[in-house]
Amino acid sequence: MKRSDLTSSAPMNVATSWNMVIISFLFSWFTGIVFEMMPANKAARMRPIYAQRNE
């Protein structure tokens, strides 16, 4: 099946909302910060030799 066959049989319009772009960016930024800080804080509280061993 050619690509033109797919687009002609199922046309789809996509609209991008800037609010959703900003919300998704902030959500991914917050998730990255949280899940990077949790292991870093745990390792910072450990003795260096144990932190290296568990790496």
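Please read these numbers as outputs of a predicted model, since none were measured by experiment. No hydrogens, no waters, no symmetry mates; every other heavy atom, side chains included, goes into these values.
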Atom pair [atom1] ([X]) and [atom2] ([Y]), whose distance is rounded to the nearest 0.5 Å:
X     : Y     : atom1 : atom2 : answer
Leu26 : Thr31 : CG    : OG1   : 10.5 Å
Trp18 : Phe25 : CH2   : CZ    : 12.5 Å
Ser17 : Ile22 : OG    : CD1   : 8.5 Å

N/O donor-acceptor pairs under 3.5 Å from side chains in residues 37-44, not counting sequence neighbours:
unit_1	atom_1	unit_2	atom_2	d
Asn41	ND2	Met37	O	3.4

Rest of the hydrophobic cluster containing Phe27 (Ile/Leu/Val/Met/Phe/Trp/Tyr, side-chain heavy atoms under 4.5 Å)?
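Via sub-4.5 Å side-chain contacts, Phe27 links to none.
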Quick one: list whatever passes side-chain contact (heavy atoms from CB on, under 4.5 Å) with Ser28, sequence neighbours left out.
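Residues passing side-chain contact (heavy atoms from CB on, under 4.5 Å) with Ser28: none at all.
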